[in-house]
K.L.:
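Pasting in a structure now, in structure tokens, and then I'll have a few things to ask.
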Amino acid sequence: MSLVADTKTSTSAAQEAQPHYAVRPYRLPAKIMHWTVASLVLFMVASGITMKQLGSGELTDFVFTLHKTAGAFILLLVVGRFCYRVLFPDRSWKAERYRRPYIHWLLYGLLLAVPLLGWAGVSDFGARDLFFGLSLPAILPQGGGWSDFLFESHAYAAFGMLVVVALHIGMAVQDHMTRSRWDAPEED
Amino acid sequence: MFPRSFRAQVGQRMAIWAGMLGFLFSLYATVEIIQTVRISNFSEKIAATATALKAHNASYNAYSQLARGMEPEASGKTVLLALGEIRDATKDEGIAKAAVDMAKAATALVPLALIHPERPKALQELVHARSEIEKHLIARVTESQEALAEMISHDRKNKILIVLLSMFVLGQILFLEYRWLVKPLSRMAVVLKRGRKFSQSLANEALRRDEVGALARSLVNHFALAKREEELSRIEKDKLSDRLSRQENLKRESAAFQARIGEIVQRLEEHAGQMAVASKDLLSISSNADERAAASAESTLRVSEHVDVVASSIDGIAATMTNVVAETERTSQVTALARELVQAANEDAHTLTESARTIETVIALIQDVASQTNLLALNATIEAARAGEAGRGFAVVASEVKQLATKTAQATEEIRSGLTGITDASTRIAQRVTRLVGSVEQVDQGAVTISASIREQHANSQTITTNTARTAENVRDLADTFRHVAGLIADAKRAAHLVTEVSAELGQQSRDLRASVDRFVASSTEVAA
């Protein structure tokens, strides 16, 4: 969730050459949502690839249901995170502080688009059942013949998201390496 | 988002990269394992189908014999065996069902004779069951082929995507680590090796929290320390050169001081010489004046004697009127002598005045010299003060010189006051002598008139008496004045002696001053060296 901070440094700070370890202020709910979504995304990738690789069978159906349930959960979490961000903005979330804010927006978009594509494919295909006796509402009429295309797009978008996630991780690490540039107060 | 202990240090970064790549590689491994398992399942299925097909084909002869009714028992048995083999191999419900049907048909067909009414139907059932089995087997093959093709396609897509993603992640890792680790380290190495100026990027890296940040910080500190040392050494060098230039200045100044002191001393010596000469002149002039004054006193004394003689003569005139003519003659002679003497006295007085004037010019010269000496002594004092501790010796000498100059001035002042007295006295002498001349003239005239008019003699003798008395008085005054002048001249002589002594001492002191200056210069040169 963190991006690279602006690298403009004051000369005096450079001359002092003394790092100070201010911690970026993310709230605990934001952190919990971030790491839940992150682990779920990894699980989704693993389960999606396994599912595809297994072909068909009972195990596949089980993994498929698990995939759908987790996807629905991710969708809820991402929407929740977004609402939380709007309601309680992160103190460091200022556009001028970020060199590449579009990565964040791209990640949010993909985190919404990939589950939605999957959901649409499932609706078209006609397999909307989840665990715990739940069922996804149909967002497309069943049997529209779009399911193959939708699933394919879902898969490619997911891989694209993994690329964005890799960039996101790299930038987060860079951000942490130069965290001393943040002057925001410590929290948690 | 990260725990607080995470500082993106190299080890922690490696762990993250390992996690990312490990995730991708385990995904790839999972895909590969599933693929392998599925391929082995497929190969088993295909092998079973092949076995079934082989049994099916092998049972063809028996089947055709059974159909034609040739050795039905044996061929029926063979067909049943083959059917069992097919069923066991495929474990397929459809095939099993078709095999059961065919077995039933075959069993039904075996006991029937060639021309049995039921035989065509049973044969038809047999053929149907066999074609059913065949269809199932072919469907099985097709199905396997399709599933295999789909599996392979999925597998390829998955693997390609995972490999592409891994390559991207690997590329990103290499790029970032090059930027974060390799480039800063090589930059620092360059900075350390070639002693280049450390850059702003190095200062930025010093803000990092990982090992590279620590390295950059220590490097920045090292450079700051080196810079400070350089500055200190520069200041030290400046100080040294400043001291050197100050020493040089001191040397130059002391040389100039030496030159100036030498000049002053030379002039002092000159002045002392001049003063000695002037005092000698003064002495000779005052001796001359003394002589003149003595001569004047003598002539005055003689005048007084003569006037007394005149007075007594006049008294005699009063007593002896008869001897008037002779007496007037004698008077004429006496007055002529007196006139001569008065003339001499007058001349002496003039000479005295002139001498006094000469003395005055000499005194002015001495005074001038004394004031200049005083000025020089003041200069010497100032220079001595500037020279500080080293100039203390000649400061004493300079003060001595100054005292001498002051004494000289005092002496000349005394001389001057004495001289004023002399001038006044000589002026008075001149006046009195003039008056004396007038009186003598009158006496002369009186004598002439006496010889001409004796009658008037009586009346006039009274006048002559008073005149003579006045003359005598004047002469006595004159003698007094001369004595006074002689005293003044003695004073002037003493003063001149003093001046001579002073100038001699001045010469000595200026020599001392030169010696002490030479000593100071020698010592200051040593100090400078």
Side-chain angles (χ1 to χ4, degrees), chain A residues 1-2 7-21 23-24 26 30-31 34-35 38 42 45-57 59-60 90 152 155-156 158-163 165-181 186 188, chain B residues 1-2 4 6-9 12-13 16-17 19-20 23-24 26-28 30-35 37-38 147 150-151 154-155 157-162 164-165 168-169 171-173 175-176 179-180 200-210 212-214 216-221 223-224:
Chain A
M1 286 293 199
S2 47
T7 45
K8 272 181 207 161
T9 48
S10 61
T11 335
S12 63
Q15 279 164 356
E16 276 169 22
Q18 286 296 322
H20 56 99
Y21 303 119
V23 172
R24 199 167 192 177
Y26 279 113
K31 286 185 183 179
H34 170 261
W35 287 111
L42 290 188
V45 170
S47 62
I49 286 171
T50 310
M51 198 166 76
K52 199 74 180 166
Q53 194 71 5
L54 282 173
S56 57
L59 184 63
T60 311
D90 297 311
E152 198 99 328
Y156 283 122
F159 271 96
M161 189 171 74
L162 283 185
V163 169
V165 164
L167 290 173
H168 168 72
I169 290 170
M171 287 177 185
V173 170
Q174 160 117 49
D175 202 18
H176 257 266
M177 202 154 57
T178 54
R179 175 171 272 194
S180 55
R181 287 170 192 156
E186 202 162 317
D188 62 355
Chain B
M1 285 301 171
F2 289 106
R4 211 179 298 177
F6 182 76
R7 289 187 181 182
Q9 285 167 340
Q12 291 170 330
R13 293 209 303 265
I16 287 179
W17 305 145
M20 284 167 79
F23 175 73
L24 289 170
S26 48
L27 263 186
Y28 190 88
T30 311
V31 164
E32 191 62 53
I33 287 165
I34 291 171
Q35 172 79 347
V37 169
R38 282 192 75 190
E150 196 195 343
M151 187 191 77
H154 284 169
D155 179 68
K157 275 182 193 165
N158 277 339
K159 279 177 178 167
I160 285 172
L161 284 174
I162 290 172
L164 281 178
L165 199 62
F168 176 79
V169 168
Q172 191 196 353
I173 289 167
F175 171 75
L176 290 177
R179 235 178 88 179
W180 294 344
Q200 183 62 36
S201 60
L202 198 63
N204 283 346
E205 270 143 27
L207 293 171
R208 274 168 54 172
R209 306 165 74 202
D210 61 344
V212 172
R217 272 196 297 286
S218 60
L219 207 60
V220 166
N221 287 342
F223 274 112

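Reckoned from all heavy atoms, side chains included, excluding hydrogens, waters and symmetry mates. Just so it is clear, the structure is predicted and the values come from calculations on it, not from any experiment. Below, chains carry the letters A, B, ... as their sequence lines are ordered, and counting in each starts from 1.
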K.L.:
Which one wins on heavy-atom pair count under 4.5 Å against chain A: B:Val212, B:Val31, B:Leu161, B:Ile34?
P.N.:
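Top option by heavy-atom pairs under 4.5 Å: B:Leu161.
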K.L.:
If the plane angle is over 60° it's perpendicular, under 30° parallel, otherwise tilted; pick one for A:His34 and A:His168.
P.N.:
tilted
K.L.:
Does the B:Arg38 side chain pair with the main chain of A:Gln53, one donor and one acceptor, at a distance under 3.5 Å?
P.N.:
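The answer is yes, because a donor-acceptor pair under 3.5 Å joins these two groups.
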K.L.:
So how far is it from A:Leu162 CG to B:Met20 CE, rounded to the nearest 0.5 Å?
P.N.:
9.5 Å
K.L.:
Between A:Leu167 and chain B, which part of the residue has a heavy atom less than 4.5 Å away: side chain, backbone, both or neither?
P.N.:
both
K.L.:
Counting heavy-atom pairs closer than 4.5 Å to chain A, which one of B:Lys157, B:Gln12, B:Gln9 comes out on top?
P.N.:
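Maximum pair count with chain A is reached by B:Lys157.
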K.L.:
Would you mind checking which part of B:Leu24 comes under 4.5 Å of any heavy atom in chain A, side chain (CB onward), backbone (N, CA, C, O), both or neither?
P.N.:
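Nothing of B:Leu24, per the 4.5 Å heavy-atom cut-off to chain A.
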K.L.:
Quick one: CD1 on A:Ile169 to CD1 on B:Ile173, what's the gap to the nearest 0.5 Å?
P.N.:
9.5 Å
K.L.:
Do side-chain atoms of B:Gln35 reach the backbone of B:Asp155 as a donor and acceptor pair under 3.5 angstrom?
P.N.:
no
K.L.:
For chain A, which of B:Leu176, B:Thr30, B:Ile16, B:Leu165 has the most heavy-atom pairs under 4.5 Å?
P.N.:
B:Leu165
